[in-house]
Peer 1: 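My structure is below; once you've seen it, I'll send some questions.
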Amino acid sequence: GQQVKQSSPSLTVQEGGISILNCDYENDMFDYFAWYKKYPDNSPTLLISVRSNVDKREDGRLTVFLNKSGKHFSLHITASQPEDTAVYLCAAGEGNEKITFGAGTKLTIKP
Amino acid sequence: GPKVLQIPSHQIIDMGQMVTLNCDPVSNHLYFYWYKQILGQQMEFLVNFYNGKVMEKSKLFKDQFSVERPDGSYFTLKIQPTALEDSAVYFCASSPLGSAETLYFGSGTRLTVL
């Protein structure tokens with residue numbers, strides 16, 4: 001089964017609003033959680049990541065929330081802008097072993 | 001920022017032929033990876049490579065697959081012979097120290113097997 005799941009294939013948010021992207025995982029041993037951004041025909045680029053010793057990390061307009069008991073993490077993008085329109089991939093891993101990706105959520109920011 | 005280059009971006013070949021996908025990793029990186037993404041599905045780990053050896057491979061890394069990085073040249077994924085189910089986008093990644101936080105991806109090679 002899928003170890004990392006993004007249940008929403010797409011999300012549309014009005015410009016200026018908060019975009020909330022969600023990810024669920026199955027493996028209790030995962031201790032690394034990340035969000036990647038991907039434009040069409042381009043490379044996935046790491047946006048923000050956390051290790052399991054924290055439950056929240058902020059970087060500018062981006063915040064990652066980690067809920068280990070619920071095996072869930074999310075990405076919040078405040079003041080969403082049209083250039084935030086992209087596919088967002090969540091990823092998780094154990095230690096420095098291979099990371100496992102979700103299928104992605106296509107985020108569209110409407111002007 | 002650091003760039004991983006993948007050449008070519010698209011490749012079309014006939015089933016049964018051999019194909020080599022090329023990856024030019026970031027110059028001081030020591031760990032190399034291949035991921036496979038079938039259309040509409042998630043990127044899945046194939047293999048990682050360090051110090052001239054395969055460190056870990058998934059069940060998707062069939063016997064027909066091989067990887068190598070001759071000194072100073074591309075990190076390659078060879079498929080011989082190809083099958084229809086090998087059609088996918090293949091992403092290469094590299095990392096200086098093998099940590100997940102320092103993984104850089106290429107933009108992928110779309111392989112179509114006819």
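Order of the sequence lines sets the chain letters (A, B, ...), proteins ahead of strands, with each chain counted from 1.
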Peer 1: State, with a plain yes or no, whether a side-chain heavy atom of B/F91 is found less than 4.5 Å away from one of A/K38.
Peer 2: yes
Peer 1: Working to the nearest 0.5 Å, report the span between OG of A/S43 and NZ of B/K3.
Peer 2: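 Result: 6.0 Å between the selected atoms.
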Peer 1: What are the two closest non-hydrogen atoms of B/A100 and A/I99, and how far apart are they?
Peer 2: CB-CG2, 3.8 Å
Peer 1: I'd like to check A/L46 versus B/L103 (side-chain heavy atoms, cut-off strictly below 4.5 Å). Are they in contact?
Peer 2: no
Peer 1: Applying a criterion of heavy atom separation less than 4.5 Å, what residues of residues 7-18 of chain A form contacts with chain B?
Peer 2: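 None at all.
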Peer 1: For A/Y25, I'd like to know if atom OH has over 12 heavy atoms of other residues, nucleotides or ligands within 6.0 Å.
Peer 2: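 For A/Y25, atom OH is crowded (more than 12 foreign heavy atoms under 6.0 Å).
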Peer 1: Answer yes or no: does atom CG of B/L39 have more than 12 heavy-atom neighbours from other residues, nucleotides or ligands under 6.0 Å?
Peer 2: no
Peer 1: For the hydrophobic clusters of this structure (ILVMFWY residues joined by side-chain heavy atoms under 4.5 Å, transitively), does one cluster hold both B/F32 and B/V26?
Peer 2: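 The answer is no; the residues belong to distinct hydrophobic clusters.
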Peer 1: Establish whether A/Y32 and A/L89 are linked, either directly or via other cluster members, by ILVMFWY side-chain heavy-atom contacts under 4.5 Å.
Peer 2: yes
Peer 1: Transitively linked via ILVMFWY side-chain contacts under 4.5 Å: B/L5 with B/F75?
Peer 2: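 No, B/L5 does not connect to B/F75 through the hydrophobic network.
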Peer 1: How many angstroms lie between NZ in A/K98 and CD in B/E56, if you round to the nearest 0.5 Å?
Peer 2: 4.0 Å
Peer 1: Please state whether the side chain, the backbone, both or neither of A/Y36 comes within less than 4.5 Å of a heavy atom of chain B.
Peer 2: side chain
Peer 1: Got B/E101 and A/N96 here, is their nearest side-chain heavy-atom distance under 4.5 Å?
Peer 2: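 Yes - at least one pair of side-chain heavy atoms lies under 4.5 Å apart.
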Peer 1: Hydrophobic clusters here meaning ILVMFWY residues chained together by side-chain heavy-atom distances under 4.5 Å, can you tell me if A/V64 and A/V54 are in one?
Peer 2: yes
Peer 1: A/D41 versus B/R110: any side-chain heavy-atom pair under 4.5 Å?
Peer 2: yes
Peer 1: Run the ring-centre check on A/F101 versus B/F105 and record whether the distance is less than 6.0 Å.
Peer 2: yes
Peer 1: Which one of A/N42, A/V4, A/T45 has the most heavy-atom pairs closer than 4.5 Å to chain B?
Peer 2: A/N42
Peer 1: Can you list every disulfide (SG to SG under 2.5 Å) pair that touches residues 67-114 of chain B, not counting sequence neighbours?
Peer 2: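 Non-adjacent pairs meeting disulfide (SG to SG under 2.5 Å): B/C23-B/C92.
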Peer 1: Looking only at heavy atoms and a cut-off of under 4.5 Å, which of B/M55, B/M43, B/Q37 has the most pairs with chain A?
Peer 2: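 Looking at each option in turn, the highest pair count goes to B/M43.
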Peer 1: With a 4.5 angstrom heavy-atom cut-off, could you sort out which part of B/Y35 is near chain A: side chain, backbone, both or neither?
Peer 2: side chain
Peer 1: For B/K62, does the NZ atom sit with more than 12 other heavy atoms under 6.0 Å from it, leaving out its own atoms?
Peer 2: yes
Peer 1: Between A/W35 and A/I109, is there shared hydrophobic-cluster membership here, with clusters defined by ILVMFWY side-chain heavy atoms closer than 4.5 Å?
Peer 2: yes
Peer 1: If you take all heavy atoms of A/P44 and B/G106, which pair is closest and at what distance?
Peer 2: CD-O, 3.7 Å
Peer 1: In residues 66-78 of chain A, which residues are in contact with chain B at a heavy-atom separation under 4.5 Å?
Peer 2: none
Peer 1: Could you list the residues that satisfy side-chain contact (heavy atoms from CB on, under 4.5 Å) with A/K56, not counting sequence neighbours?
Peer 2: A/E58, A/T63, A/F65
